[in-house]
Trainee: 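First, the structure itself, so that you have it in front of you.
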Amino acid sequence: MPQIIDQIFVLLKHWLMGYIPALLQPVVSAILSVVPVLIAFPLLFAITTVLERKGLGRMQNRYGPNRVGPFGFLQPMADGIKSLTKEDIIPRTADHLVHLLAPVVIVIASFLVYAVLPIGRNMVIVNLNAGVLFFFAVGSMVELSVFMAGWSSRSKYSLLGAMRAIAQMISYEIPLVLASIVVIMAAGSLSTVTIVNLQATYTGIWPHWYVFTPWGLTGFVIFMIAATAESNRCPFDLPEGESEIIAGYYIEYSGFKFALFFLGEYLGMFATSAMAITLFLGGWAAPFSFLTWIPSYVWFFTKLLALIAVFIWIRGTLPRLRMDQLMNFAWKFMLPLSLINIFAAGVWHYMPAGISRWFVVTLIVALACILLSRGLRRNKWFHVRTYRFAS
Amino acid sequence: MDEQLKSELSRQGVVATSLQELYNWGRKSSLWPLNFGLACCAIEMIATTMARYDLARFGAEVFRPSPRQADLMIVAGTVTKKMAPQVVRLYNQMPEPKYVISMGACAISGGPFKQGYNVLKGIDRYIPVDVYIPGCPPRPEALIDAFLLLQKKIDEQYLTGPNRPRHLNADMPSEFVVPEFGEHDLEPTQNRDVWKVPLVNISIAGKNESGSD
Amino acid sequence: MSVLTETTVALSSDPTTDPNASQLLEVSMGPQHPSTHGVFRMDVALDGEQVVKLKPVFGYLHRNHEKIAESQNYLGCMPYTDRLDYICSITNNWAYALAVETLAGIKVPERAEYLRVITGELTRLQNHASLIGFLMQDMGTSGTPLMYAFREREKILDLFEALTGARMMCNYMRFGGCRVDAPAGWLQQTQKVIDAFPKFLDEFESLLRTNEILMARTQGVGRVSRELAINAGLTGPMARASGVNYDLRKVDSYGIYDRFSFRVPLGEFGDVYDRYMIRLLEMRESVEILKQAMRDIPSGPIMDPGTKIRGFRPKAGEAYGRIEAPKGELGFYLISDGTGNPYRFRVRPPSLINLTVLEDMCLGRNVADIVIILGSVDIVLGEVDR
Amino acid sequence: MLGQGILKGLIETARNFFGSYVNKDRLTTVQFPEERLPQIEATRDFPLLVYDGTDWQQGLRCVACLICEKACPPQCIFIEKSTDKKPDATGKPQFYPARFDIDISVCMSCQICVEVCPFDAIKMDVEFELSTTDRFGGLLLDKQQLAKSNEYYNRIHPTEAGAVDAALADERAKAEAKLRQAAEAKAAAAAATPPPPPAEKTVIQ
Amino acid sequence: MTNHSYLPILVLLIGGAGFAIGPLVLAWIWAKKYSPQKSGPSKNAVYECGLESSGDAWIKFKPGYYLYAIVFLIFDVEAVFLLPFAVAFGGFTAAQSIDMLVFLLLLVAGLVWACEKKILSWS
Amino acid sequence: MNLEAIKSEIEANVPGCQLEIIPNTSPSAQHSLLVDSAHALTVASFLRDGATVRLDYCSNVTGIDWPVKEVSTKTKVKKIVDGVEKDVDEVVKTQTGGYLEAVYHLYSMEQRQGPVILRMRTEDRTDRVHLPSFTPLWRSADFQEREIFDLFGIIFDGHPDLRRLLMWEGFVDHPMRRDYVDPDDYEYEPTAHDEVLKRAREHQSAEGGL
């Protein structure tokens with residue numbers, strides 16, 4: 001029975017496909033696998049915006065939206081209607097075509113990456129054998145659209161935002177890719193499905209998630225930090241840094257175009273989180289072998305929501321970094337650390353299983369962390385000060 | 001034939017009303033204010049969004065710093081003559097539909113500073129204001145009250161017909177004259193299309209000559 | 001004149017001669033900008049993100065305070081002072097009352113002095129708390145520290161409302177005392193708030209004091225040397241962060257401040273972090289003062305019986321009275337010509353004069369820095385432009 | 001260690017997040033308009049005119065002395081003094097305001113009018129829900145809108161109103177005593193000489 | 001892999017585009033039918049904190065930003081080279097892995113060089 | 001260190017300067033020192049750097065407008081009228097004011113003393129009145145002098161950046177002068193009296209009456 005529930009969507013699709021003429025089968029099959037994604041993730045976007053506002057509210061000792069609809073859950077709908085009926089302003093001097101294309105591109109790019117993300121057992125739109133590569137390749141289109149938006153608006157603040165965005169996003173692209181290489185080394189495949197399948201096995205009750213190795217943990221942390229930066233979330237929200245450059249690259253966007261940017265951003269956040277889950281947290285696999293009766297997609301979305309909660313939590317706490325610190329952090333900490341992490345993963349591979357390789361690899365990674373963080377602090381004052389009092 | 005047409009019409013009417021309701025509901029439930037404070041009242045405006053009063057409950061905590069994404073301009077504080085062109089320009093740059101709450105005595109009429117040489121006697125000289133909140137500064141509750149009043153006002157607007165609001169009517173302006181700095185005062189000193197002073201008031205004051213002594 | 005050397009920024013190449021050099025982006029920050037604390041404006045020229053030119057532009061909230069005061073009587077000026085630095089109205093009242101008292105030689109009764117100290121220090125607490133919240137907001141936190149600060153501020157505002165009737169514009173002090181005595185139970189309520197306040201400070205410190213991002217953002221940013229601080233007339237936490245030991249509560253001992261034991265924290269580097277920390281430490285000292293004042297407050301009258309409120313006409317002459325407002329030295333310079341209205345009413349606004357060094361602090365830094373530097377100066381536009 | 005301070009901050013926000021479900025101190029929102037904070041007694045918003053008794057026109061304490069109009073810093077009070085006199089609560093004939101307007105779009109709630117009023121006629125109201133869409137009609141309060149009964153005043157500022165009532169009663173008692181004395185004296189005088197025709201002004205109703 | 005395994009991606013592309021363009025079209029229809037667009041000189045001017053914008057935003061921007069792009073290009077290409085290596089890593093001999101380590105070291109050398117050249121220090 | 005001592009010290013160190021102590025009769029007894037504008041800068045720099053005074057901190061800079069005020073005093077004078085000596089009432093009209101003033105409040109942070117109040121007076125009240133700027137000595141005077149330039153119209157020579165501070169560029173008047181006439185915007189004054197009523201009336205008649 002659990003298997004049937006687990007595979008209910010797959011079975012449903014197969015059953016439907018039986019009624020479709022063979023000629024149309026590929027197309028209908030494609031549509032049938034795409035449509036759920038097109039429904040589920042925008043829906044998740046809507047729910048997340050409410051949850052984020054409510055969660056932030058709770059962190060700040062208040063309720064958050066609770067009037068619009070039951071418990072405020074119709075808030076995104078109201079926002080949507082309002083955006084839809086809002087006047088659309090394009091600055092006179094702007095590049096009209098690029099200005100129009102930018103939000104479209106960001107949404108398309110954000111949706112495309114879901115093609116390779118396994119949402120549950122046997123539930124992936126397409127199992128590419130270069131899935132991870134596809135993910136990163138398509139994912140970088142987001143940067144393009146952000147730059148298009150900032151540049152085409154021809155406002156000074158949006159230009160600054162675009163410049164910040166492009167510098168930031170390309171800098172964090174590299175640690176993002178390098179952090180995932182360790183997993184690929186261990187799995188020996190670029191296919192996301194294979195990677196998850198490898199992790200969905202158990203020793204006793206414990207799963208084989210890559211996050212439970214020293215290099216996996218390091219890789220996961222690097223990946224998550226880079227993912228935060230890629231999706232322009234706090235504390236890396238410089239491109240839209242409200243207190244500095246007002247609204248950054250989308251300063252001139254109104255109406256639904258602005259909503260599309262929001263949608264694209266959140267979809268990007270979900271996608272990178274989903275990728276982190278796929279690579280390090282066992283994808284749709286249950287955390288303990290005795291919990292496998294819970295459907296795989298439930299696990300996937302649980303993990304996804306948990307990661308989003310962390311994003312929100314961080315947003316509720318931290319101040320923003322400055323541009324130079326951000327770049328230094330990327331190039332002088334994250335990048336070397338991820339290179340060392342690849343080396344550590346190699347060492348792990350060649351050492352015999354046992355406590356000794358745990359010790360050695362942990363040592364390598366920890367040492368690298370400490371040395372690199374020291375390097376970051378080197379020419380700064382950066383200390384908790386004590387103060388004197390006038391007599 | 002007649003019956004048919006009638007039912008057809010009423011059906012369309014139902015559709016139109018529910019569309020209007022949905023439209024009004026969407027607009028009133030998602031009023032994003034412009035992140036824009038001028039003076040004292042701005043602090044109370046901030047206090048309204050803070051934990052004790054929590055404007056977010058109405059879905060209005062999304063203070064957008066850019067006018068392009070804002071629906072509501074809360075003119076919170078004294079509008080000086082040096083600032084007035086900027087306020088009007090910001091209002092102009094907001095997309096329709098847009099609303100203005102004039103918060104506090106200064107924004108309504110210049111308030112205690114109205115006799116100052118650099119103080120504009122009310123922002124409604126240049127832009128149309130939807131709701132006025134008296135007070136110096138108004139309590140946060142008063143702002144929420146005004147917010148509810150604005151929601152009520154939006155809820156009562158028609159989607160079509162001659163009574164439809166300004167933003168749905170192609171003949172009504174959506175941007176207003178931005179005053180310019182003159183040698184002594186702003187030029188023009190008020191927008192006569194927006195600001196219609198009742199004639200009676202100065203003549204009332206005229207009666208007072210003997211009494212004021 | 002060594003302190004006057006302006007900070008110059010070394011451009012990588014001279015944009016006027018080098019055709020390959022990058023062009024400067026001339027941006028105006030403000031008057032409507034999320035972090036200019038009102039309607040302040042800075043005309044900024046940017047090379048990339050580096051600030052190579054910065055000119056502050058004032059006057060967007062110039063409400064003709066001084067001119068209006070000339071046509072008001074001495075009592076009528078009092079509510080206007082509330083609106084100078086609209087976050088701390090009570091200290092403004094105090095400074096003005098002190099100036100008039102100096103001008104007319106009025107003595108203030110004991111209990112009124114204590115009430116002044118209590119309300120004044122509460123004002124300092126709520127000002128510093130909200131300033132730190134705003135500073136964090138400028139630094140990009142999504143409201144949490146500001147919310148916590150305002151949570152505490154509301155408690156203090158409740159006290160103000162119970163005492164004076166208004167949350168922000170208290171209009172509490174009169175020359176020769178205070179307007180009303182504390183109502184029944186007010187002192188107990190205040191004691192509760194004071195006792196709970198250190199808990200909030202602890203929470204605040206654990207939220208952000210040792211935060212690495214905060215330290216990296218603020219340390220070494222916006223430095224002001226001790227000499228420049230004195231020469232540019234910086235006062236308040238701004239000056240003390242630069243190591244200038246100048247606290248009017250100690251220097252002038254106005255009111256009854258010589259009765260309390262408290263310390264004046266001094267910074268060493270004069271950067272944003274120091275200013276932030278000095279304010280945190282000052283809040284702890286304020287709590288100490290409040291505890292002592294609550295312990296010692298006597299009963300008695302709250303108004304000098306010899307002072308007329310209506311038809312108050314001081315003798316011709318002039319007086320300069322100043323106090324240590326939360327933002328620095330707030331002074332009132334009054335000239336009386338013997339009539340019921342002040343002949344000249346001048347406010348010495350700490351915020352405006354603390355901004356003198358803005359340009360020195362900001363040149364060569366980048367956009368993100370100037371926002372927090374401005375935040376750390378703690379300006380209120382009502383006072384800057386008046 | 002890098003990240004220690006960040007973790008501390010994260011723990012603090014988490015504490016507040018979870019605390020908001022159990023601790024009232026960590027969820028300080030008062031859900032206006034359904035929930036309201038208890039009225040603070042000293043609260044002031046805009047002025048009101050106190051009247052004694054039930055008829056607002058009869059009982060107004062204001063005698064149109066114009067002191068508040070003069071003292072009002074932003075000059076938002078407008079009074080037109082009556083030409084005739086009406087007896088006040090103590091029966092003494094007084095001028096009354098033929099017109100008493102307060103422009104609350106200018107008023108800055110400074111309470112100076114209250115302080116200077118020698119007749120305890122003008123006091124501060126606590127009503128703040130005055131937002132309106134009508135700028136010229138809604139914000140200029142006239143005599144009728146401003147007049148509030150002494151009971152209402154006692155309800156919103158009990159302590160202050162109690163003191164005022166006591167003082168007024170005292171004054172009234174004194175006035176009555178004086179009146180009685182005068183009446184007695186008059187009676188004594190009347191016993192001696194025939195009464196003169198009553199003056200027009202002393203006729204009560 | 002058959003050809004039509006890329007078909008779902010195409011469908012997703014169309015679907016995504018529809019998701020983006022659909023509402024925009026809807027909004028356009030709404031604007032046509034009910035809420036007329038009203039453009040104007042002040043409304044369609046570039047926003048700059050409420051002031052009239054002076055000067056152009058499309059200027060010769062600071063080259064520092066582009067340097068990052070170039071460095072990125074180098075590293076990204078190398079990172080792409082690392083991907084096939086990573087896939088094949090399970091079957092590598094120690095000697096091959098050491099070759100790869102040399103490649104990694106080259107990357108590190110490049111990074112160190114860029115650091116030394118101060119390309120990566122933001123001004 | 002009282003004002004007399006400072007005065008004599010200055011006179012000893014700055015030759016040729018004309019100083020005058022302006023007494024303050026109010027209970028505050030903050031007397032001030034009137035400096036002639038020709039020597040003001042030297043005096044000020046002595047006050048800042050002189051070892052005994054060290055007024056390193058300039059707190060407040062104020063402009064004051066003193067328009068011409070006629071005070072007529074009646075005195076009885078013996079005069080020979082028609083050859084006879086008589087007591088005649090003579091009205092002596094003394095003019096005071098007619099100048100703008102800049103006042104500096106100086107303190108010493110080092111020696112914790114003050115205030116020492118310096119005053120400077122302009123020649124007249126025209127649009128082009130000059131005073132030396134103290135901004136090169138005390139940076140804190142920077143914005144305050146600009147403000148005085150803006151609102152009172154005193155031109156401070158030697159100020160590095162003398163522009164309007166509060167009013168916009170292109171504004172022609174100096175609004176803090178006592179004879180400034182503010183712009184006519186008295187359209188709606190429902191509670192006007194006194195001065196405001198007069199202005200509203202004037203506006204009404206200018207509009208052609210309502």
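Excluded from the calculations below are hydrogen atoms, water molecules and symmetry mates; all remaining heavy atoms, backbone and side chain alike, are included. All chains are named by letter (A, B, ...) in the order of the sequence lines, taking the proteins before the strands, and each is independently numbered beginning at 1.
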Trainee: Under the rule for ring pair (Phe, Tyr, Trp, His ring centres under 6.0 Å), what residues qualify as partners of B:Phe63, not counting sequence neighbours?
Mentor: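 Applying ring pair (Phe, Tyr, Trp, His ring centres under 6.0 Å) to B:Phe63 gives none.
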Trainee: Against chain B, label A:Phe258 side chain, backbone, both or neither, depending on which of its atoms sit under 4.5 Å from a heavy atom there.
Mentor: side chain
Trainee: Within this structure, what is the CD-OG1 distance for the pair A:Gln60 and B:Thr49, rounded to the nearest 0.5 Å?
Mentor: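 Rounded to the nearest 0.5 Å, the CD-OG1 separation comes out at 9.5 Å.
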Trainee: With sequence neighbours left out, which residue pairs that include part of residues 83-106 of chain A fulfil the salt bridge (Lys or Arg N to Asp or Glu O under 4.0 Å) condition?
Mentor: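 For residues 83-106 of chain A, and leaving out neighbouring residues, the salt bridge (Lys or Arg N to Asp or Glu O under 4.0 Å) pairs sorted by first residue read A:Lys86-B:Asp71, A:Glu87-E:Lys43, A:Asp88-A:Lys257.
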Trainee: Side chain, backbone, both or neither: which part of A:Ile89 has a heavy atom under 4.5 Å from chain B?
Mentor: side chain
Trainee: Can you see which heavy atom on A:Ile246 is nearest to which on B:Ser66, and at what distance?
Mentor: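 A:Ile246 and B:Ser66 have their closest heavy atoms at CG2-N, 4.1 Å.
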Trainee: B:Arg68 and A:Tyr253: which non-hydrogen atoms are nearest, and at how many Å?
Mentor: CB-O, 3.7 Å
Trainee: Check whether A:Leu84 gets within reach of chain B through its side chain, its backbone, both or neither, counting any heavy atom under 4.5 Å.
Mentor: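 It is neither, since no heavy atom gets under 4.5 Å.
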Trainee: What part of B:Arg52 gets within 4.5 angstrom of chain A, counting heavy atoms only: side chain, backbone, both, or neither?
Mentor: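 Contact with chain A involves no heavy atom of B:Arg52 at all.
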Trainee: Keeping A:Arg53 on the side-chain end and B:Gly59 on the backbone end, is there a donor-acceptor pair under 3.5 Å?
Mentor: yes
Trainee: Any idea which of A:Ala78, A:Gly69, A:Gly57 has the most non-hydrogen atom pairs under 4.5 angstrom with chain B?
Mentor: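 Option with the top pair count is A:Ala78.
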Trainee: Using the six-membered ring of B:Trp32, assess whether NZ or CZ of A:Lys82 lies under 6.0 Å from its centre and within 45 degrees of the ring axis.
Mentor: yes
Trainee: Please give me the minimum heavy-atom distance between A:Tyr63 and B:Asp54, naming the atom from each residue.
Mentor: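 So the minimum-distance heavy-atom pair works out to N-OD2, 3.2 Å.
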Trainee: Is it the backbone or the side chain of A:Gln75 that comes under 4.5 Å from a heavy atom of chain B, or both, or neither?
Mentor: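 For A:Gln75, the contact with chain B is made by the side chain alone.
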Trainee: Strictly distance-based, threshold 3.5 Å: is any side-chain N or O of B:Gln69 a donor or acceptor partner for the main-chain N or O of A:Tyr250?
Mentor: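 Pair found, side chain donor or acceptor close to backbone of A:Tyr250.
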Trainee: Just give me the residue among B:Lys28, B:Arg27, B:Arg64, B:His167 that pairs up with chain A most often, heavy atom to heavy atom, under 4.5 Å.
Mentor: B:Arg64
Trainee: First locate atom OH of B:Tyr23, then atom OG1 of A:Thr85, and finally report the distance between them rounded to the nearest 0.5 Å.
Mentor: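 The OG1 atom of A:Thr85 is 4.5 Å from OH of B:Tyr23, to the nearest 0.5 Å.
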Trainee: B:Phe58 versus A:Val68: any side-chain heavy-atom pair under 4.5 Å?
Mentor: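 In short, these two side chains do not touch, never coming nearer than 4.5 Å.
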